[in-house]
Amino acid sequence: MAATFSVRSLPRAHFQHQTRSNSQKSARVQPAIGSSHFIVSSAQRLKCTRLSRSGAKSHICRSTRAEQGRDLSPSRDVSPNRNVKTEATAREVEPTAPEVTTAMGPDVTSFQRVQILSEALPYIQKFRGRTVVVKYGGAAMKDPTLKEQVVRDVVLLSCLGIRPILVHGGGPEINSWLTKLGIEPNFKNGLRVTDAATMEVVEMVLVGKVNKSIVSLINQAGGKAVGLCGKDGDLIRARQMTAGDLGFVGDVTGINTDILVGMVQDGIIPVIASVAADSDGQALNINADLVAGEIAAGMDAEKLILMTDVPGVLLDKDDLSTIISHSTISQMREYKQDGTLVGGMIPKVECCVRSLAQGVSATHIIDGRTPHSLLMEILTADGCGTMIVG
């Protein structure tokens with residue numbers, strides 16, 4: 001029996017200037033199965049406040065994305081063939097479900113669990129066979145419980161016929177090793193300053209340690225993963241950035257998708273470290289968000305999802321209730337100009353904008369600290385975090 005998962009629905013913050021057309025390619029699908037809702041305690045609901053650009057607060061409408069005129073029909077018909085057991089046989093072999101921390105509480109019945117799975121059907125049908133690029137990083141890589149949940153969620157998506165590609169950084173791990181070696185980590189505008197000594201550590205940690213660790217975890221969870229970096233198969237073509245005096249930091253000039261297309265078609269989950277080389281063979285450290293965005297564009301991905309350590313893009317970085325649920329490229333450019341975007345959020349938003357301009361349907365910045373946030377974003381109407389579209 002496949003591992004059981006559960007997701008909780010989070011209300012979206014909505015802003016008057018944020019609208020979305022039915023004709024948009026990235027529209028979500030409203031489940032057409034009953035009117036039941038996910039069961040969550042009121043204390044666990046994400047409370048958001050609408051904040052106007054002038055700073056005045058007002059109460060928000062807690063309508064979901066599905067209530068905003070989204071496309072109500074899946075993009076394709078999928079009728080999966082399933083091996084059906086008799087009721088008696090199923091009961092005899094049914095294993096005990098693993099204990100998983102969820103927002104649903106201990107009194108959820110088996111019927112309610114399968115009802116939640118049933119409500120995910122339209123999303124499975126819509127995204128089956130489509131590529132989803134996930135940038136994996138932050139606390140979700142450090143906390144063992146979160147790491148296990150993310151890996152299981154990625155394997156689950158693969159089992160459902162969705163084609164995940166994982167791109168990872170490894171900032172905390174790199175910082176730890178730099179400190180051990182007496183090298184002080186240095187950042188400018190959210191990007192790591194990388195001298196020759198730092199570059200050696202970055203390549204050693206990302207390619208040799210972090211990448212193979214993730215591959216091993218995915219394979220242990222029942223998936224099929226292959227670890228890569230930009231040097232493998234000429235996957236990532238890069239050049240050294242000249243602006244900003246960042247050292248051996250690279251910019252992506254091209255993606256060779258041939259190797260990735262074959263893998264995802266065979267059900268393999270590529271796990272990619274954000275290290276590449278220039279035309280002279282010099283190793284370059286590339287921001288993992290940027291690599292994920294370029295791979296998403298090259299693979300004509302349905303979604304680019306960046307996992308980070310904040311709920312999403314905030315109008316006030318010190319107030320979690322000011323999360324921007326839905327935005328557009330033009331609005332994000334305004335937020336950058338007026339100083340709303342600061343620090344590490346700037347390169348994240350820039351890579352979202354860049355990938356959207358190259359044809360990615362939708363981009364998302366989600367909180368990797370929230371259990372199963374990846375499944376919530378892909379398989380529910382409400383999603384989580386900040387969604388940015390063209």
Side-chain angles (χ1 to χ4, degrees), residues 18 20 24-28 126-127 129-138 154 157 162-169 189-191 228 230 235-239 241 249-261 264 269-276 284 286-308 310 312-313 324-336 341 344-368 373-374 377-378 383-390:
Q18 297 166 347
R20 199 174 176 198
Q24 283 182 294
K25 182 179 177 182
S26 56
R28 290 181 179 270
K126 178 175 177 61
F127 300 125
R130 300 308 305 269
T131 299
V132 174
V133 178
V134 179
K135 187 271 180 168
Y136 175 44
V154 169
L157 293 175
I162 299 170
R163 299 174 174 178
I165 296 176
L166 222 60
V167 178
H168 68 85
N189 296 323
L191 298 175
L228 302 166
L235 174 59
I236 302 172
R237 302 183 186 98
R239 65 185 174 195
M241 293 177 61
V249 173
D251 194 7
V252 177
T253 60
I255 301 291
N256 179 12
T257 60
D258 293 344
I259 187 173
L260 297 179
V261 170
V264 298
I269 302 170
V271 181
I272 303 168
S274 57
V275 172
L284 296 174
I286 307 178
N287 180 269
D289 297 329
L290 175 60
V291 171
E294 292 300 310
I295 289 175
M299 291 293 292
D300 190 26
E302 182 72 23
K303 290 179 179 291
L304 166 66
I305 301 177
L306 307 182
M307 302 185 75
T308 184
V310 293
V313 180
I324 301 170
S325 172
H326 176 270
S327 190
T328 63
I329 291 176
S330 60
Q331 289 162 0
M332 283 298 163
R333 285 172 176 161
E334 291 178 8
Y335 293 145
K336 182 181 178 181
L341 301 179
M345 188 58 69
I346 295 174
K348 293 184 186 301
V349 170
E350 286 179 343
C351 95
C352 288
V353 170
R354 187 166 168 172
S355 61
L356 286 168
Q358 297 180 79
V360 176
S361 301
T363 62
H364 310 259
I365 299 174
I366 67 174
D367 193 344
S373 57
L374 190 58
E377 185 54 55
I378 297 175
C384 61
T386 297
M387 181 179 192
I388 307 172
V389 296

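Here the structure is a predicted model, which is why all the values come from computation and not from measurement.
Of all heavy-atom pairs spanning Leu284 and Ala238, the tightest one is CD1-CB, 4.1 Å. A pairwise comparison of heavy atoms in Leu228 and Ile259 identifies CD2-CD1, 4.3 Å as the closest pair. Minimum interatomic distance between Gly250 and Ile286 (heavy atoms only, all atoms of both residues): O-CG2, 3.6 Å. Nearest heavy-atom pair, Leu304 versus Ala296, reported as atom, atom and distance to 0.1 Å: CB-CB, 4.1 Å. Contact detail for Pro270 and Pro164: the closest heavy-atom pair is CD-O, 3.7 Å. Summarising the geometry of Met307 relative to Gly368, their closest heavy-atom pair is CE-CA, 3.7 Å, with the distance given to 0.1 Å.
Separating the CD1 atom in Ile295 from the CG atom in Leu166 is a distance of 10.5 Å, to the nearest 0.5 Å. Separating the CG atom in Leu374 from the CG atom in Asp367 is a distance of 12.5 Å, to the nearest 0.5 Å. From Glu302, atom CD reaches atom NZ of Lys126 across 5.5 Å, with rounding to the nearest 0.5 Å. Atom OG1 of residue Thr308 and atom CG of residue Asp289 lie 7.5 Å apart, to the nearest 0.5 angstrom. Rounding to the nearest 0.5 Å places OG1 of Thr257 at 12.5 Å from CD of Glu294. Atoms CG and CE, on Leu356 and Met332 in that order, are 10.0 Å from each other to the nearest 0.5 Å.
Checked against Lys303 for a side chain to side chain contact (heavy atoms under 4.5 Å, CB included), the options Val132, Thr131, Val360, Val133 give a single hit: Val132.
With hydrogens and angles disregarded, a donor-acceptor distance shorter than 3.5 Å links the side chain of Thr363 to the backbone of Ile388. At distances below 3.5 Å, not a single donor-acceptor pair connects side-chain atoms of Ser274 with backbone N or O atoms of Val291. No donor-acceptor pair closer than 3.5 Å links the side chain of Thr253 to the backbone N or O of Arg239.
In this structure the side chain of Lys135 reaches within 4.5 angstrom of the side chain of Lys348, judged on heavy atoms. A 4.5 Å side-chain heavy-atom check between Gln358 and Arg354 finds at least one atom pair inside the cut-off. Contact of the Met345 side chain with the Val310 side chain is registered, since non-hydrogen atoms from C-beta on lie closer than 4.5 Å. In this structure, Ile162 and Arg130 have side chains that are not in contact, with every pair of non-hydrogen atoms separated by 4.5 Å or more. Here the side chains of Ile365 and Val349 are in contact, with some heavy-atom distance below 4.5 Å. Using a 4.5 Å cut-off on side-chain heavy atoms (C-beta onward), Met299 and Ile165 make contact. The side-chain heavy atoms of Ile255 and Ile236, taken from C-beta on, include a pair separated by under 4.5 Å. Between His326 and Val389 the shortest side-chain heavy-atom distance falls below 4.5 Å.
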Review point. For Leu306 and Cys352, what are the C-alpha separation, side-chain angles and deciding distance, and is it a side-chain contact (heavy atoms from CB on, under 4.5 Å)?
Key: CA-CA 9 Å; Leu306 307 182; Cys352 288; 3.7 Å; yes

